[in-house]
Amino acid sequence: MKIYTLGFTHKSARTFFTLLMKNKIELLVDIRLNNSSQLAGFTKSADLEFFLAAIGMIGYLHYPSFAPTKEILNDIKKKKCDWDEYRKRFQKLLKERDCIKDFLGHVQSVKSICMLCSEELPDHCHRSLVADYLRKKIKGSVVRHL
């Protein structure tokens, strides 16, 4: 499986949807805790699902089990923890949730997925941690950040 990641901040709708179509994404997996973000109107859950289908025939799945808790998210935003601490806490959360079998049930026939969040770059974003988690769990998978 090809696993892509994408953040929508500082991207126009044209750039966003072009990246998805150019990379032949079949399913966009929204891993935001709150998928009704005001940051980019085209990424609100109901609108995003419609645009994905209408523009690129791309499926949509909101999967909050791959999102941080409010507490972990607030701690990094308010600088109560650094990236290393955030990473450790989030990886522990993924292990505790142990939702890989459930997730694979949603994507079993899909060849390319894209993990979506808001952060512009993947370096200090939970999408890179989720992608790495999936790469380790899904044999033969590869990760690419868009």
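Numbers for residues simply follow the sequence, beginning at 1.
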If two hydrophobic side chains count as joined below 4.5 Å and joins carry through other members, does [X] share a cluster with [Y]?
X      : Y      : answer
Ile55  : Tyr4   : yes
Leu28  : Met1   : no
Leu116 : Phe50  : yes
Val29  : Val142 : no
Phe42  : Leu6   : yes

(request) Not counting sequence neighbours, which residues clear salt bridge (charged side-chain N to carboxylate O under 4.0 Å, His left out) with Asp123? List them please. (result) none
(request) Mind checking salt bridge (charged side-chain N to carboxylate O under 4.0 Å, His left out) for Lys92 and listing every partner two or more places apart, or none if nothing turns up? (result) Glu96
Test item: [X] and [Y] side chains (from C-beta on) under 4.5 Å apart, heavy atoms:
X      : Y      : result
Ile25  : Leu52  : no
Ile100 : Tyr133 : yes
Ile76  : Asp82  : no
Met115 : Ile3   : yes
Arg89  : Leu93  : no

(request) Give a yes or no answer on whether the side chain of Arg127 reaches the backbone of Glu119 with a donor-acceptor pair at less than 3.5 Å. (result)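 Checked: pair present.
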(request) Taking Ser118 for its side chain and Thr9 for its backbone only, find out whether a donor-acceptor pair lies under 3.5 Å. (result)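 No; judged by distance alone, with no hydrogens or angles, the pair does not exist.
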Give every donor-acceptor pair under 3.5 Å between a side-chain atom in residues 56-69 and any protein atom, sequence neighbours left out.
from  : atom 1 : to     : atom 2 : distance (Å)
Tyr60 : OH     : Asp30  : OD2    : 2.7
Tyr60 : OH     : Asn35  : ND2    : 3.1
His62 : ND1    : Asn35  : ND2    : 3.4
His62 : NE2    : Arg32  : O      : 2.9
Tyr63 : OH     : Cys99  : O      : 3.3
Tyr63 : OH     : Asp102 : OD2    : 2.6
Tyr63 : OH     : Phe103 : N      : 3.3
Thr69 : OG1    : Ile72  : N      : 3.1

(message) Glu120: which residues meet the side chain to side chain donor-acceptor pair (under 3.5 Å) condition with it, sequence neighbours left out?
(response)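 With neighbours one apart ignored, the set is His10.
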(request) Would you list the pairs meeting side-chain hydrogen bond (donor to acceptor under 3.5 Å, both in side chains) in which at least one residue belongs to residues 135-146, sequence neighbours left out? (result)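 Qualifying pairs: Thr5-His145, Asn23-Arg144, Asp132-Arg135, Asp132-Lys136.
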Show me, pair by pair, the donor-acceptor contacts under 3.5 angstrom made by side chains of residues 14-21, not counting sequence neighbours?
from  : atom 1 : to    : atom 2 : distance (Å)
Thr15 : OG1    : Ser12 : OG     : 3.1
Thr18 : OG1    : Arg14 : O      : 2.6

(request) Tell me, please, which residues at least two apart from Tyr86 pass ring pair (Phe, Tyr, Trp, His ring centres under 6.0 Å). (result)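 Ring pair (Phe, Tyr, Trp, His ring centres under 6.0 Å) list for Tyr86, sorted by chain: Trp83.
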For residues 104-114, dump all side-chain donor-acceptor pairs below 3.5 Å to protein atoms at least two apart in sequence or in another chain.
from   : atom 1 : to    : atom 2 : distance (Å)
Ser112 : OG     : Lys24 : O      : 2.5
Ser112 : OG     : Glu26 : N      : 3.2

